[in-house]
Amino acid sequence: MPMRNGLTWAVLAAPAYLAPVHSAAAQAPAPPAEDAPDGEMLQGSATTPAIALVNRSEENVITQASDAFGTSVGDESIGLYNGGNVRGFSAFAAQNVRIEGLYFDSQGAFSDAVRAGSTIQVGVSALGYPFPAPTGIVDFSLRRVGDKPVVSARTGFGDFFAAFATVDAALPLTGDLDLNIGAGVEEFVYPDGADFWFVRYGGVARWRPAKGVELTGFYSRYDYFDEETTPVIFTAGAFLPRRIARNRFFGQDWADWAGHSQNFGGMAKVNRGPWRIGLGLFSSRFTIDQFGANFFANTRADGSAERQVLLGRDQVSQSYSGELLVERGFTEGPRSHRLIASARFRRVDDDLGGFAFRSLGPAMIDAAVALPEPDVAFGALTRDEIRQETGALGYAMLWQGLGEINLGVQKTRYRKEVRAPGRVPTANEDSPILWNASAAITAIEGLAVYAATTRGLEESGTAPAFAANANLTLPALRTRQVEAGMRWTLSTNVKLIAGLFDVRRPYFELDGDNVFRVLGDVKHQGAELSLTARPLAGLNLVAGAVLMRPRVTGEAVQQGRLGERPLGRVGTTLDLRIDYQPPAFDALSVDLGINYTGRRAARIDNALFISRRAILDLGARYRFRLGRTPTVLRTQIANLTNVFGWNVTGGGGFQYIASRRLNLSLSADF
């Protein structure tokens with residue numbers, strides 16, 4: 001379901017940083033940043049182009065990924081991480097989000113009408129990034145326009161034959177003014193057969209009134225309606241639910257969602273001599289006009305349970321945010337220096353809660369029994385208000401052929417106030433000094449080693465729908481990270497990244513009173529590996545691995561109320577993506593994806609684990625022309641071997657993974 005902070009409609013992001021990117025550069029995929037000359041391989045570049053293809057028929061996430069950590073292009077994503085999972089934590093929930101390099105508080109997901117693609121900024125890719133964050137950064141790229149007008153039409157069906165049709169236009173209006181507009185209607189079907197329809201629309205306008213100056217405005221919205229919700233199953237003991245048929249809806253279709261997600265804003269970027277200036281002002285809004293959640297509680301081994309629903313209405317999350325980012329660069333012999341100053345703000349107003357809970361009586365978890373909608377009276381809403389301002393100063397020095405250092409310090413002021421009906425308002429304040437430091441050394445030609453440490457104040461997302469404090473915003477908490485690793489460019493076609501990391505923050509889970517709150521501290525220590533290679537003409541390979549040791553510490557663990565393994569965190573993840581386009585028949589390309597995940601704790605006391613599994617995806621693209629129109633037929637079979645498995649939600653609920661499914665689309669660029 002579409003959730004605030006993009007937790008479910010998670011997208012990844014690629015940095016554009018500060019400099020304007022002119023339309024001529026947007027025609028082709030950007031070269032990987034690793035191809036920079038020796039001595040510049042780690043430095044964050046203010047001229048890094050965004051993933052912003054004009055032609056939808058040219059989108060291919062495997063060939064355009066520069067590492068294995070997480071990339072999305074169009075509506076396809078690959079990699080070890082996504083916005084909801086970076087080294088086991090959520091960058092979206094932490095509000096570590098950017099739009100082309102500028103700070104953005106995200107409450108609702110972007111429409112594909114304006115979003116071109118994205119990558120996760122973590123590890124070595126974040127070293128040159130101004131003021132990195134412990135939980136990684138998600139940086140959206142907006143669509144761009146080429147030299148010629150292009151109208152892209154797409155139609156087909158997604159998972160479980162969910163139909164869609166979209167139209168996007170990239171229009172160079174004048175030499176200095178561009179416009180992207182798009183609209184579409186799409187169906188979305190969940191693994192259990194629950195579905196909904198949504199419409200999406202929006203546009204991006206860019207104006208370059210003078211050399212080195214770019215002004216951007218955008219508007220993005222989708223409206224969703226009649227969204228049935230997949231039931232969450234809670235078992236009565238340390239066992240998994242029995243296997244049930246997939247692709248069948250067992251919830252109540254009147255317990256559904258309706259609402260919208262809306263984002264708009266503007267950016268100004270100036271690149272004049274040694275000065276680079278970026279200013280962004282944004283608004284993000286997510287509404288749930290109608291809310292419904294289905295549960296099966298106290299589920300026994302035979303599948304018998306108690307059917308429950310949680311109903312609500314008029315839930316609203318609204319934010320305003322922005323950043324002024326100023327950089328002054330100068331050169332001293334082989335050394336290049338950058339002085340960076342930033343001022344950020346965000347204002348978040350949430351109206352949440354007032355839910356009505358109802359038990360619908362005994363049921364079997366695989367019985368599709370339609371029950372009448374109960375009469376309910378909704379309570380008053382709880383008001384959450386967050387105010388945060390941050391000032392930051394940074395310094396970076398690149399010594400040609402030797403290495404670089406990056407330093408930053410931030411002073412942030414944070415205040416959250418909660419006004420619940422019938423209760424005295426409560427407030428949470430913090431005003432820490434945060435900092436980051438990193439250093440990289442060019443050991444030999446093509447090989448760089450690095451080390452970094454970061455301190456942050458990050459949001460913790462919202463409490464899950466089945467908690468006593470359902471959907472309410474959790475407090476911001478201090479986090480920290482240390483890491484070290486290397487990046488080795490063996491050749492222009494082979495790049496290897498390896499690193500070690502240690503990320504620590506407070507641990508949230510349900511307590512004995514069903515309140516989602518801090519129960520201890522959690523640390524994620526591990527190693528990650530990324531390999532990108534083009535070993536043969538037409539063959540692209542993206543491979544990655546995460547070997548992580550997640551652990552919970554604190555009084556609850558010592559007393560035996562919590563296990564050492566945090567709920568749902570995966571220790572081992574392997575991801576391999578291959579795309580092959582035969583040079584002798586380049587109209588066709590085939591792609592293969594294999595994703596392996598190790599076992600994960602399914603109860604907070606570690607009395608139950610979900611076993612490891614591997615998912616295989618197989619796809620193909622066929623490129624041809626309809627008359628003079630470039631056209632691509634894209635097909636993919638996901639979960640080819642039809643593996644069955646369970647995912648565990650926050651709080652210990654279960655939902656099964658999607659079965660084998662076919663996707664088919666036809667894209668044409670007129």
Side-chain angles (χ1 to χ4, degrees), residues 14-15 17 30-48 63-71 79-81 86-87 119-130 132 136-137 331-338 395-407 436-454 481-503 525-536 539-548 574-577:
Y17 193 37
E34 299 93 319
D35 293 336
D38 182 35
E40 296 183 0
M41 60 194 309
L42 295 181
Q43 179 67 43
S45 171
T47 58
T48 304
T63 61
Q64 290 164 240
S66 59
D67 59 45
F69 296 129
T71 304
L80 297 166
Y81 303 136
V86 182
R87 295 173 174 171
T119 53
I120 296 292
Q121 298 301 306
V122 66
V124 68
S125 66
L127 287 185
Y129 211 91
I137 292 174
T331 302
E332 173 206 3
R335 294 171 293 276
S336 298
H337 305 268
R338 289 192 300 156
Y395 168 74
M397 188 268 286
L398 170 67
W399 194 320
Q400 188 72 28
L402 180 61
E404 70 172 282
I405 60 172
N406 293 275
L407 306 172
N436 63 274
S438 66
I441 298 175
T442 305
I444 59 175
E445 183 177 358
L447 175 64
V449 295
Y450 71 92
T453 183
T454 308
Q481 174 177 278
V482 294
E483 59 182 325
M486 66 91 176
R487 179 161 68 187
W488 189 8
T489 304
L490 288 81
S491 70
T492 57
N493 293 324
V494 182
K495 288 92 178 178
L496 177 67
I497 300 172
L500 303 173
F501 60 85
D502 184 320
V503 189
Q525 298 172 314
E528 58 193 9
L529 180 72
S530 166
L531 174 66
T532 56
R534 300 180 181 92
L536 301 172
L539 179 62
N540 288 267
L541 181 147
V542 181
V546 179
L547 305 175
M548 189 170 68
L574 309 175
D575 194 79
L576 172 65
R577 306 288 163 167

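Remember, predicted model here, so these are calculated numbers, not experimental data.
Here Asp575 pairs with Arg577, Asn595 under the side-chain hydrogen bond (donor to acceptor under 3.5 Å, both in side chains) rule; sequence neighbours left out. Evaluation of the side-chain contact (heavy atoms from CB on, under 4.5 Å) rule for Thr331 yields Ser336 as partners, not counting sequence neighbours. Annotation: side-chain contact (heavy atoms from CB on, under 4.5 Å) contacts of Leu490 (sequence neighbours excluded): Trp488, Val494, Leu496. Under the rule for a side-chain contact (heavy atoms from CB on, under 4.5 Å), the partners of Ala484 that lie at least two apart in sequence or sit in another chain are Ala451.
The two residues Val122 and Ser125 make their nearest non-hydrogen contact at O-OG, 2.8 Å. Considering every non-hydrogen atom in both Glu528 and Tyr81, the closest pair reads OE1-OH, 2.6 Å. The minimum heavy-atom distance linking Leu574 with Ala545 is given by the pair CD2-CB, 3.5 Å. For the pair Ala543 and Leu576, the tightest heavy-atom approach, listed with the atom from each and the gap, is CB-CD1, 3.9 Å. Of all the heavy atoms in Ala126 and Pro132, the pair that sits closest is O-CB, 4.0 Å.
Contact annotation: the side chain of Phe69 never approaches that of Val86 to less than 4.5 Å [non-hydrogen atoms, C-beta and beyond]. Counting heavy atoms from C-beta on, the side chains of Glu483 and Tyr450 come closer than 4.5 Å. Using a 4.5 Å heavy-atom cutoff, the side chains of Val542 and Thr63 are not in contact. Using a 4.5 Å heavy-atom cutoff, the side chains of Val546 and Phe501 are in contact.
Between Met397 atom CE and Asn406 atom CG the span is 10.0 Å, to the nearest 0.5 Å. In this structure, Leu80 CG and Leu529 CG are separated by 8.5 Å, a value rounded to the nearest 0.5 Å. To the nearest 0.5 Å, atom CZ of residue Arg335 and atom CD of residue Gln400 are 12.0 Å apart. In this structure, CZ on Arg534 lies 5.5 Å from NZ on Lys495, to the nearest 0.5 angstrom. Atom CD in Gln481 sits 8.5 Å away from atom CG in Asp502 (nearest 0.5 Å). The structure places CG of Leu531 at 11.0 Å from CG of Asp67, a figure rounded to the nearest 0.5 Å.
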TODO: Apply side chain to side chain contact (heavy atoms under 4.5 Å, CB included) to the pair Ile405 and Tyr395, showing each step before the final yes or no.
DONE: CA-CA 8 Å; Ile405 60 172; Tyr395 168 74; 4.0 Å; yes
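Judged by distance alone, with hydrogens and angles left aside, the side-chain atoms of Ser530 form a donor-acceptor pair with the main-chain N or O of Ala68 at under 3.5 Å.
Just one residue in the list Leu407, Thr453, Thr454, Leu127 forms a side-chain contact (heavy atoms from CB on, under 4.5 Å) with Asn436, and that residue is Thr454.
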